[in-house]
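Before any comments, here is the structure.
In what follows, every heavy atom counts, from backbone to side chain, and hydrogens, waters and symmetry copies are set aside. Computed from a prediction, not measured in an experiment: that's the story for all the values here.
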Amino acid sequence: MIRELLDYLGNDKINDDDIPHRTKITQMIYDEHQKMRHQIMAELRRAQGRVSYTCDLWSDPNLVSYMAVTAHFYIRENGRLVLRTYLVAFRHVSGSHSGVNLANALIGILDELGVAYKLALITMDNASNNNTMMEELEKIFRSRGIPFDADGNRIRCFPHIINLACQAILEALKQTPALGLFLATESATKSYLQSLEADLIGTCRSVVAACRASGQRRQELRRIICEGNEKDTWRGELPNDEKHLKVLQLLRDCETRWSSTYLMIDRMIYLYPAVRRFLLNIDQTDLSHHLFSDRQLNILRDIHQVLELPHAAQELLSAERTPTLSLSLPLYEILIEQWKLLQATIPELAPYIEIGIQKLEDYVGQARKTRIYAHAMVLNPSMKFEWMEKHWGDVETNTSRGWIKESMLKYQQSLRRESMSRSRTVPIDRSLSAPSIAAHSQALGFTRLSGINVAIRRSTSMSTIPSQPPPLSGQPALSEEVLDREARELIEDQRVVDQELRRYEDDGVTPTSERLEDLTRHWERNEHSYPLLFRVAMDVLPAQASAVPCERVFSSSKETSTVRRSRLSPKLMEALQILKFSYKQERLSFTDDLLAQEKDYTIEGPVTPGAIAELTRAGRFLELAEILSNVDTPV
């Protein structure tokens with residue numbers, strides 16, 4: 001059909017031979033994939049620090065399994081630090097999904113890329129086979145003399161953990177709706193708990209299904225919303241004194257989609273004034289049994305409140321274009337404390353909330369088996385050791401300080417051993433890029449969440465990644481003179497480390513007014529002020545707090561592997577997915593280096609540096625000259 005259309009549009013100037021056939025197009029795809037692969041491998045080799053990965057599994061409509069692996073690292077491009085994100089593999093996994101099989105698949109991918117020795121962290125979900133996969137990877141890497149720890153080199157996907165905690169609460173509400181009923185003494189509490197036995201989440205799903213059952217019903221709900229808006233029907237029934245309902249449809253949840261149950265309830269509560277009228281419509285008499293009572297609707301609002309903060313936290317930690325790991329542990333602990341406050345506010349739901357808290361605390365304990373979270377917090381100039389000192393106490397803060405010193409010491413020893421020191425003076429452009437805009441939004445979100453006044457607790461789990469590779473046997477004993485020289489060098493190296501870290505701490509945390517600065521830009525600007533911390537930052541900042549990059553790959557995969565394209569070979573599928581991911585990353589952004597501020601566009605007063613930079617980048621020199629000639633005060 002497409003060939004016939006092109007032939008027709010060619011107006012006899014195009015013949016069939018001019019249009020590539022599918023074999024030619026397939027070969028072109030493979031050729032482009034090879035070019036992209038060589039580009040990725042070249043950039044991986046010149047990465048500024050270590051390379052972190054996300055990893056997850058997906059099955060197509062024919063149940064063919066694929067492993068998606070994304071790589072995250074820093075490179076220098078035109079004198080600037082750039083956080084790169086690539087899909088480096090979308091590999092068919094044959095056989096069982098055992099941890100051993102998955103480990104062999106992943107190590108094969110890393111060996112193909114030639115950068116297994118640069119591996120930093122792997123972010124993945126909490127499936128049990130991932131535990132055995134990491135244990136097998138530890139065996140493989142240690143057999144090669146490469147330091148690796150099954151816990152220390154792993155990050156557990158933050159949104160996935162939050163989703164598991166929320167699902168545990170929802171499952172308890174469904175399976176044991178009378179939980180705590182035998183402890184209740186007041187009749188109001190008993191009545192509340194008895195209402196839970198109606199399975200309100202299930203009822204919500206039934207209402208959604210009823211309203212979305214046919215095109216006619218969807219149109220009818222839309223008509224009711226629009227008519228109510230015209231007649232001002234919803235006044236007094238909407239939050240924040242709103243007068244009109246947005247013309248929306250109800251949402252259906254999905255257990256594996258993060259926050260989907262919260263979004264379903266949120267939409268139901270918002271649209272319920274219209275939904276009630278729809279269910280009471282004389283033509284919908286068979287649907288009236290789906291109505292919520294006032295008590296049930298209030299309980300649904302309580303459940304909505306329990307799920308609201310986890311939803312906000314998931315959104316905040318799902319960014320991939322700006323470092324987010326430093327926020328993970330603070331957000332975990334804010335969630336736990338906020339849920340504890342809700343237990344006092346909504347005592348009827350306290351037993352269910354406790355189930356979610358226990359699930360979170362279990363995973364937080366596992367997350368603390370790696371020092372990566374403490375490193376990320378120290379490297380965030382708006383946190384440093386301040387959060388730890390305020391919420392963890394002296395012992396754990398000093399332990400974290402010791403961890404960061406160990407990492408700095410390794411780089412100091414490496415720098416000392418280099419035969420030549422290379423200094424780079426890079427002109428810094430302080431304009432905001434796309435990652436900086438993402439950081440701007442993230443900072444605003446964290447400000448909202450961190451405004452919760454709670455006391456933060458921390459468990460005592462302190463296991464860490466081993467700091468040195470296994471000792472090699474058979475090495476000759478060092479002479480006393482060599483040992484003495486190395487001892488003096490170690491003392492000097494420790495002095496340099498202590499001095500740099502002390503300067504970093506003495507500089508204090510970033511003022512609130514400057515906390516929107518992207519972490520990448522911050523460390524680019526301070527590379528020469530804190531050279532050792534900069535090197536640690538190049539290892540730590542690319543690590544992902546969530547496996548969202550893989551989830552986005554899977555969403556794209558569903559568009560590639562459809563019913564009409566269900567016979568794509570695994571090789572072609574991988575080539576297509578890698579190219580799609582890369583092309584989307586390279587899309588032109590019309591917001592790069594732009595974050596408008598009101599002061600940049602005032603008519604009176606001096607021309608701001610932001611306005612000058614914007615006009616200069618756009619090449620609008622005549623406009624800039626005219627503006628400068630019209631101001632009364634100097635720039």
Crowding at CG, Asp111 (>12 non-hydrogen neighbours, <6.0 Å): yes

How about NZ on Lys359, more than 12 heavy atoms from neighbouring residues, nucleotides or ligands closer than 6.0 Å, or not? no

Looking at [atom1] of [X] and [atom2] of [Y], how far apart are the two atoms once the value is rounded to the nearest 0.5 Å?
X      : Y      : atom1 : atom2 : value
Leu379 : Asn526 : CG    : CG    : 11.5 Å
Thr123 : Leu121 : OG1   : CG    : 6.5 Å
Ile578 : Ile40  : CD1   : CD1   : 6.0 Å
Thr261 : Asn163 : OG1   : CG    : 8.0 Å
Tyr530 : Arg503 : OH    : CZ    : 6.0 Å
Arg552 : Phe581 : CZ    : CZ    : 9.0 Å

The single option from Arg84, His72, Glu43, Lys118 that satisfies side-chain contact (heavy atoms from CB on, under 4.5 Å) with Val51 is Lys118

State whether [X] and [Y] are salt-bridged, where the test is any N-O pair (Lys NZ or Arg NE/NH1/NH2 against Asp/Glu carboxylate O) under 4.0 Å.
X      : Y      : value
Arg91  : Glu112 : yes
Glu505 : Lys384 : no
Glu77  : Arg80  : no
Glu500 : Arg495 : no
Glu333 : Lys390 : no
Glu492 : Arg416 : no

Using side-chain heavy atoms (C-beta onward) and a distance below 4.5 Å, is Val378 in contact with Met388? yes

Would you say the side chain of Met134 lies within less than 4.5 Å of the side chain of Phe148, judging by non-hydrogen atoms? yes

Indicate the ring-plane relationship of Tyr66 and Trp58, choosing parallel, tilted or perpendicular according to the 30° and 60° boundaries. tilted

Do we see a donor-acceptor contact under 3.5 Å between the side chains of [X] and [Y]?
X      : Y      : result
Thr520 : Tyr74  : yes
Gln544 : Ser52  : no
Tyr411 : Asp539 : yes
Ser546 : His160 : no
Asn380 : Ser326 : yes

Can the positive tip of Arg156 be found less than 6.0 Å from the middle of the six-membered ring of Tyr363, inside 45° of the ring normal? no

